[in-house]
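As the structure is a computational prediction, the values presented were derived from the model and not from experiment. Positions are given from 1, in the same order as the sequence printed here. Atoms within each ligand, like the ligands themselves, are counted from 1 in listed order. These values consider heavy atoms only, across backbone and side chains, with no hydrogens, waters or symmetry-generated copies.
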Amino acid sequence: MYCVKKMTEDLYWVGGNDRRLALFENVYPIPEGVSYNSYLLLDEKTVLLDTADKAVSALFLENIAHVLAGRPLDYVVVQHMEPDHCATLEELLLRHPETKIVCSAKALAMIGNFFTFDAASRAMVVGEGDTLPTGRHTLSFLMAPMVHWPEVMVSYDAETKALFSADAFGTFGALGGSLYADETRVDFSEVRRYYTNIVGKYGTQVQTLLQKAAGLDIRMICPLHGPVWRKDIPGLMEKYARWAAYEPEQTAVVVAYASVYGDTENAANVLASKLDELGVHDVRLYDVSATHPSYILSECFRASHLVFLSTTYNAGMFVNMENLVHDIVNHNLQNRTIALVENGSWAPTAAGLMRAEFSKLKNMKILDETVTIRSSLKQDQLPELNALAEAIAASMPKPAPIEHTTPVEPNAMFSFSYGLFILTARDGAKDNGCIINTAIQLTDKPKRISIAVNKANFTHDMIKKTGQFNISMLSTDAPFAMFRHYGFQSGRDTDKFADVQGMARATNGIYYIPYCTNAFVSGKVVQTVEFETHTLFIAEVTEARVLSRLPSMTYAHYFANVKPKPAPAAAKKTGWVCRICGWIYEGETLPPDIVCPICKHGAADFEKLK
Ligand code: FEO
């Protein structure tokens, strides 16, 4: 019996779940199973995005037949040629001789490696930026080599604003009844374990894909494994950016130990206890013989400090520790502080061998305070172990001391907990909108609100003239593209609503933004207060509607999760970065009268590039 999920008017999930497989790629334990996602678009042309693993082939083919309901399958887009997504390709094409294969040149070559049928005669090879119009939809293809194989590409549909992301943004774990991450329980440690083990080695390539994705308005991410992401996409992107840059997620310690008779384990526990006494409480211990290395590798991507304790075995590292260390090196982990402890009854060598391996990685600080245990930890070695714990604690980042320089410190203003809003106005037939962070409720009875608007903004002039406006309150799922669209260009030069779909008008006739927002309020100006740069509009509330239950976007959330981080190359420049929009002024000294050409903020909103 078919089992499909209708996602939109014409998009279906037609994949399958596997809860019998013990080891994904015959390596990684998947106690919660795995899903093989495939998506079928029923436009004027029909398009299947990837096939599925042979484990679910019967159901997968039945799903396709059910959704197509007799229609031909015009295209199959092969984003990734790993067999968990292409094993059923030949069977699909036998059933659908009419189908054209859309894929990268490398994927076409790989089809020839895996199969013997004639793919070239029915292939449509696409490259970066190529498109496939299907009627209402147009798929754009972005090459994503090494995320996770060299032939990988992802597809973007501007109509649904869906990114079909291949292996990226996937996770272990079969799907329950719901397809969506926001409707089900997602174990985020499994999202990390999937990322680190499957594509963790290819951080540079993932960063390239993230930079491409930052230019898209993405409302839905459809990966090849795990749930579809609709909410807090910026938060997911931020995690990926951090993992791809090999930056720790948390200041924390992961202790991995290899112990044959329990003595090295004892040293690990004593060390962890000492760390706790020193105020380092986020410490997790793993026995490398009890925990699969894929879990420990994932933890090493999470934590800033890593401790490895290994007994010496066959004149080398203990076999399971050797496996873990090689796994970490092979996955290219960087930017960590590492501490080492070895045990050896007659010829300890493990620490030197571990040090040699970790020295192959970039920006690894290996502490000098290595401890050598002879069979079991003794009282007279406690000072050495304590010194190691103290070195770990000392290497942890401390909050920078606060220096008071002036009675009015500009940075104190950033402690205000601003929200972020799209302010819209209408003058005659002209609509416009901009981003503001200065809307507040003044009184409840009568309902009064205020907004402070920069006089340089076109919206300011429209409100001054018409006395009316709407405020759409952005929620945490708002992508950076919305800020760029409404905040980084002027309505004097462009019609910001020319190509925007799905807008709605409030009773006052002015647009409000019905998505990525949780409420809108209409205001009728009753008083204005003029300042040098801004006008304060005080207004009565004429309409107010709740649009969703998502939390409001705050200034802090925007900077932490939405605003793209400067690219590594840009970060190496000497200069100043605008904290509002990320524009970079190159030069040692920031001109005091500088105005950001993108968002019009002044010198107080710039900070030195680190
Ligand atoms: Fe899910 Fe790289 O295959």
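Salt bridge annotation for Glu91-Lys54: absent, with no cationic side-chain nitrogen under 4.0 angstrom from a carboxylate oxygen.
Annotation: salt bridge (charged side-chain N to carboxylate O under 4.0 Å, His left out) contacts of Arg136 (sequence neighbours excluded): Glu9, Asp10, Glu159. Legend: residues meeting salt bridge (charged side-chain N to carboxylate O under 4.0 Å, His left out) with Glu44, ordered by chain and number and at least two apart, are absent. Among residues two or more places apart in sequence or in another chain, the salt bridge (charged side-chain N to carboxylate O under 4.0 Å, His left out) test is passed with Asp217 by Arg219.
Partner of Leu139 under the side-chain contact (heavy atoms from CB on, under 4.5 Å) criterion, out of Asp43, Asp157, Val102, Asp130: Asp157 alone.
The local environment of CZ in Arg185 is sparse, with at most 12 non-hydrogen atoms from other residues, nucleotides or ligands closer than 6.0 Å.
Within the protein, the number of N, O or S atoms lying under 2.8 Å from atom 1 (Fe) of ligand 1 is 4.
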